[in-house]
Amino acid sequence: MYQFNTKTFTAVDYMIHLKERAFRATDIVENTFNVIEELEQKLNCFTEITKEAALNAAKATDDRVKDHTFGEGKTLDGVPVAFKDNMNMLGTFTTCSSQMLKNYKSTYTATCVEDLLEEGALPIGKLNMDEFAFGSSTETSVFGPSKNPHDTSRVPGGSSGGSAAAVAAGYVPIALGSDTGGSIRQPASLCGIIGIKPTYGLVSRYGVVAFGSSLDQVGPFARTMADAALAMNSLCKKDPKDCTSQGSKTDFTTVIDGNVKGMKIGIVKSFLDAEGLTSEVKHKIEETAKVLEEAGAQIIEIELPNAKAAISAYYVLGPCEAFSNLARFDSVRYGYCDEGHADLASQYEASRKAGFGKEARRRIFLGSYLLSAGVYEQYYYPAQQVRTLITNDYKQAFEKVDCILAPASPRTAFKFGEISDPAQMYLSDMFTISINIAGNGGMSFPVGFGEDTNLPIGAQLIAPAFKDENMLRVASALEKHYGPAEIAEVK
């Protein structure tokens with residue numbers, strides 16, 4: 001086996017070296033698993049390793065190299081990738097990091113996973129997450145929390161914490177996560193990498209276990225904008241199996257030229273004055289605005305008057321949709337089943353009580369209450385009305401600007417157990433939730449480390465709906481200044 005430092009390679013690096021026959025794709029797999037073996041006990045990123053599937057895909061890549069067809073029609077040929085464990089992949093366990101699905105084996109493959117595999121990617125494994133994507137720290141996983149590679153005493157964020165940590169540690173150059181209220185952007189910020197939540201409808205949700213069907217969106221993590229653009233090209237395709245899927249004809253690799261001259265970038269003053277935003281994060285966002293201004297962009301102050309109601313609306317809409325989506329886990333057809341009960345009702349009750357963790361049960365109870373007679377009209381209807389107001393706020397803002405700059409997270413990575421109050425944990429997504437409610441694209445780009453904590457900070461970029469190229473262009477300008485994401489030194 002040819003030995004090389006897998007941790008430093010980008011997707012582009014892998015494909016260049018494979019084309020030059022510097023090493024084989026099977027060497028990539030072996031080296032990747034050596035890195036995982038070295039670090040995984042400290043980081044706990046994976047719920048399942050899929051070495052056999054990775055080697056089979058690698059052999060197919062090596063055959064294409066031999067046949068001189070390498071890379072033909074395949075944008076990620078020989079690139080190791082990994083998937084959040086709410087994404088079905090045939091023959092693997094899809095657990096959502098829950099006792100309820102701990103032994104559930106996928107009978108089909110999610111479109112987002114299939115898209116990357118068809119592009120020649122090597123499937124390394126399934127990644128840890130908050131149970132059913134309910135959380136902002138990966139602490140609700142039945143497999144135990146993933147750790148932040150920059151400081152293993154701290155959370156990697158959530159719910160896609162395993163995905164963010166895996167990319168930050170150099171396991172894989174690209175991983176997939178899902179984002180319902182910030183679950184890609186917040187962990188990307190805390191782990192110091194790129195995380196993209198595309199516009200709702202750009203990426204198929206087929207085969208991804210649903211949390212909030214009107215809010216969920218799949219997106220990539222990466223360390224460079226070149227890799228992020230390749231991943232977006234692979235993912236943003238129309239899928240007839242998802243009626244909300246629109247796809248995109250944009251070649252995202254053509255927009256990451258770093259040129260923002262003449263672009264108008266909005267700053268939301270109320271976000272920067274928000275209670276809970278730490279001074280080091282605020283300073284970094286203000287610094288980022290100056291970087292973009294010096295690169296030729298025009299900074300314009302805007303307001304989103306209804307954004308302050310986003311968390312309240314989200315914690316009506318999200319639990320209602322979660323309650324509906326989790327109703328299918330009845331212990332009969334699949335999932336955890338508590339044995340030895342005389343009747344079906346007691347089996348349901350015992351199975352769901354033992355199968356779902358504390359946070360999942362909390363959201364089920366909340367959703368059940370909010371959808372009950374007399375309460376539905378009082379909360380659910382107003383939440384949908386707030387959703388319309390927030391969506392209109394963004395539409396009006398994007399009549400003035402091409403992209404919006406905001407914090408991705410109000411603070412840097414916090415320590416395990418530091419936030420025990422659920423309401424305080426929910427505030428981790430205070431700057432990201434409104435984008436899911438409106439459906440716009442959003443992403444986090446790493447803009448260095450905090451003055452006080454010396455931990456990563458991400459700047460959030462928000463694009464008009466179906467104009468995700470705007471935020472990628474701005475991020476490429478930031479990459480020119482700040483450089484690509486740093487590989488974390490795991491101690």
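Everything numeric here is computed off the predicted structure, so don't read it as measured data.
For the pair Leu127 and Ala82, the tightest heavy-atom approach, listed with the atom from each and the gap, is CD1-CB, 3.4 Å. The two residues Pro123 and Met89 have their closest heavy-atom pair at CB-CE, 3.6 Å. Shown here for Ile256 and Ala226, the closest heavy-atom pair between the two residues is CD1-CA, 3.7 Å. In terms of heavy-atom proximity, Asp468 sits nearest to Ala463 at CA-CB, 4.0 Å.
Between the side chains of Lys197 and Ser183, no donor-acceptor pair of N or O atoms lies under 3.5 Å. Ser153 and Asp151 form a side-chain donor-acceptor contact under 3.5 Å, judged by distance and modelled atom types alone. Residues Gln217 and Ser178 have side chains that never bring a donor and an acceptor to within less than 3.5 angstrom of each other. In summary, the side chains of Asn436 and Asp179 do present a donor paired with an acceptor at a separation below 3.5 Å, with no hydrogens or angles considered. Using modelled atom types and a 3.5 Å distance limit, the side chains of Thr47 and Thr95 yield no donor-acceptor pair. Side chains of Ser331 and Arg352: a donor-acceptor N/O pair is absent below 3.5 angstrom, by distance only. Under 3.5 Å, the side chains of Asp239 and Thr111 contain a donor-acceptor pair of N or O atoms. Checking Ser136 against Ser428 by side-chain atom types alone, no donor-acceptor pair falls below 3.5 Å. Between the side chains of Asn128 and Ser141, at least one donor-acceptor pair of N or O atoms lies under 3.5 Å. There is no side-chain donor-acceptor pair under 3.5 Å between Thr412 and Arg154. Remark: the Asp216 side chain and the Thr180 side chain contain an N/O donor-acceptor pair separated by less than 3.5 Å. Using a 3.5 Å distance cut-off with no hydrogens or angles, the side chains of Ser234 and Thr75 do pair a donor with an acceptor.
Residues forming a salt bridge (Lys or Arg N to Asp or Glu O under 4.0 Å) with Arg363 (at least two apart in sequence, or on another chain): Glu359. For the side-chain hydrogen bond (donor to acceptor under 3.5 Å, both in side chains) test, no residue two or more places apart in sequence or in another chain qualifies with Tyr314. Listed by chain and residue number, Ala423, Gln424 satisfy the side-chain contact (heavy atoms from CB on, under 4.5 Å) test with Asp421 (two or more places apart in sequence, or in another chain). The side-chain contact (heavy atoms from CB on, under 4.5 Å) search around Lys42 returns Val490, not counting sequence neighbours. A search for side-chain contact (heavy atoms from CB on, under 4.5 Å) contacts involving Ala408 returns Ser189, Ser444, Gln460, not counting sequence neighbours. Checked against side-chain hydrogen bond (donor to acceptor under 3.5 Å, both in side chains), Asp13 has the following partners two or more places apart in sequence or in another chain: Thr10.
Atom CZ of Phe323 is separated from atom OG of Ser368 by 4.0 Å, given to the nearest 0.5 angstrom. Residue Thr61 holds its OG1 atom at 11.5 Å from CG of Leu55, rounded to the nearest 0.5 Å.
Contact check for Phe70 versus Leu18: side-chain heavy atoms found under the 4.5 Å cut-off. Proximity of Tyr200 to Gln246: side-chain heavy atoms (C-beta onward) are nowhere separated by under 4.5 Å.
Looking only at distances, no side-chain donor or acceptor of Asp130 sits under 3.5 Å from a matching main-chain atom of Ala133.
Annotation: cation-pi geometry not satisfied between Lys126 and Phe83 (NZ/CZ under 6.0 angstrom from ring centroid, within 45° of ring axis).
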Margin query: Before you tell me yes or no, could you show the steps for Glu114 and Lys237 under salt bridge (charged side-chain N to carboxylate O under 4.0 Å, His left out), namely the whole-Å CA-CA distance, both residues' side-chain angles and the distance that decides it to 0.1 Å?
Written below: CA-CA 12 Å; Glu114 196 172 72; Lys237 300 173 182 176; over 6 Å; no
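Crowding of Phe365 atom CZ: a count of heavy atoms from other residues, nucleotides or ligands under 6.0 Å not exceeding 12.
Classified by interplanar angle (parallel below 30°, tilted 30° to 60°, perpendicular above 60°), the ring pair Phe329/Phe132 is tilted.
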